[in-house]
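These notes concern the structure reproduced below.
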Amino acid sequence: MGCSSTKLVGTWKNPDTVIFDAYQVLVVGMTQEDATRVEFETKFADALKSQGIDAVRSIDLFDVEFTSAERSEQELAEVEEQLLDKGFDAILFTKLVGTENRRTFKEHLNDMDKLFMRFSTDYLEHQDIYYDPEYYDTFSIYHAETSLYCICIGKEIELIWRGEVNVTEPNNINKAIDSYIKLVTKSMGEVDVIF
């Protein structure tokens, strides 16, 4: 795999929501790696700001202790109230939900029309499967999910939109983040969510 790829594999939009405009959005990137979280939340907040939306990174709102331990439903309800009091109307929440390893065969078919009519020819062409560690390429696919929640007065927080994205083995985390954000914001815009 020469370069990483980012692919939207599924979306869902609340059928009760025709258009959803958000004016102040909390951007939450859930990861254990602080540097990646800072980079992701900063770039996503900047993308929202470029569209005229007031976006705040969760790292600017949550103290370090908040993310260092498990939180209860009551504690999260208190956070929701604080967000309402501060004028937030949406939370954009991104998390890594899984990963899988894949293997692909090294490119051996230089001539697509070549047919192995004899066992010996086929065997000789592919015998390095036994001993060449480079015969297979192993790479990871990361499954991420971005959800947009409405913080509506007098209601429980409601899911407005969700996108599922696969990111293949990012060689450059900054480029992968840029690609991810571009893909998600485009998809949300196509269904009149935020943009």
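Values in this document were obtained by computation on a predicted structure and should not be read as measured data. The analysis underlying the following values was restricted to heavy atoms, covering all of them including side chains, and did not include hydrogens, waters or symmetry mates.
The shortest non-hydrogen separation linking Lys175 to Asn172 is N-OD1, 3.1 Å. Nearest heavy atoms, Ala47 versus Ile181: CB-CG2, 3.7 Å. Closest approach of Arg57 and Ala45 over heavy atoms only: CG-CB, 4.1 Å. Scanning both residues, Ala22 and Ala90, for their nearest heavy atoms gives CB-CB, 3.9 Å. Between Thr6 and Ala176 the shortest heavy-atom distance is OG1-O, 4.3 Å. When all heavy atoms of Glu70 and Glu75 are compared, the pair lying nearest together is O-OE1, 4.2 Å.
A 4.5 Å side-chain heavy-atom check between Ile151 and Ile91 finds at least one atom pair inside the cut-off. Two residues are said to be in side-chain contact when any heavy atoms from C-beta on lie closer than 4.5 Å; Tyr149 and Val28 fail this criterion. Between Thr11 and Val191, every side-chain heavy-atom pair lies at or beyond the 4.5 Å cut-off. Looking at heavy atoms from C-beta onward, Lys186 lies out of side-chain contact with Leu183 at the 4.5 angstrom threshold. No side-chain heavy atom of Met30 sits less than 4.5 Å from a side-chain heavy atom of Ser58. You'll find the side chain of Ile59 reaches within 4.5 Å of the side chain of Val38, heavy atoms only. A 4.5 Å side-chain heavy-atom check between Val167 and Leu96 finds every atom pair outside the cut-off. Residues Gln51 and Ile194 are not in side-chain contact: their nearest non-hydrogen atoms beyond the backbone lie 4.5 Å or more apart.
In this structure, CD in Glu80 is found 11.0 Å from CG in Leu26, a value given to the nearest 0.5 Å. The CG atom of Leu48 lies 11.5 Å from the CD atom of Gln24; values are rounded to the nearest 0.5 Å. With values rounded to the nearest 0.5 angstrom, Leu148 atom CG is found 12.5 Å from Phe93 atom CZ. Rounding to the nearest 0.5 Å gives a distance of 4.0 Å between CD of Glu145 and NZ of Lys95.
Both Leu83 and Phe62 sit in one connected hydrophobic cluster of ILVMFWY residues. Membership requires side-chain heavy atoms under 4.5 Å apart, directly or through other members. One hydrophobic cluster, built from ILVMFWY side chains closer than 4.5 Å, cannot hold both Val165 and Val97; they sit in different ones. Tyr23 and Ile160 sit in two unconnected hydrophobic clusters of ILVMFWY residues. Membership requires side-chain heavy atoms under 4.5 Å apart, directly or through other members.
For Glu158 (side chain) and Cys150 (main-chain N/O), no donor-acceptor pair under 3.5 Å exists by modelled atom type. Using a distance-only test at 3.5 Å, with no hydrogens or angles considered, no donor-acceptor pair links the side chain of Lys49 to the main chain of Val56. With hydrogens and angles ignored, the 3.5 Å screen pairs no side-chain donor or acceptor of Ser187 with any backbone N or O of Val184.
Between Glu78 and Gln82, the side chains place no donor N or O within less than 3.5 Å of an acceptor N or O (distance only, hydrogens not considered).
Taking the six-membered ring for Trp and thresholds of 30 and 60 degrees, Phe40 and Tyr180 have ring planes more than 60 degrees apart, a perpendicular arrangement.
Checked against Trp161 for a side-chain contact (heavy atoms from CB on, under 4.5 Å), the options Leu92, Asn14, Thr146 give a single hit: Thr146.
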Subject >> Val9 vs His143, side-chain contact (heavy atoms from CB on, under 4.5 Å): CA-CA, chis, key distance, verdict >> reply: CA-CA 9 Å; Val9 294; His143 306 290; over 6 Å; no
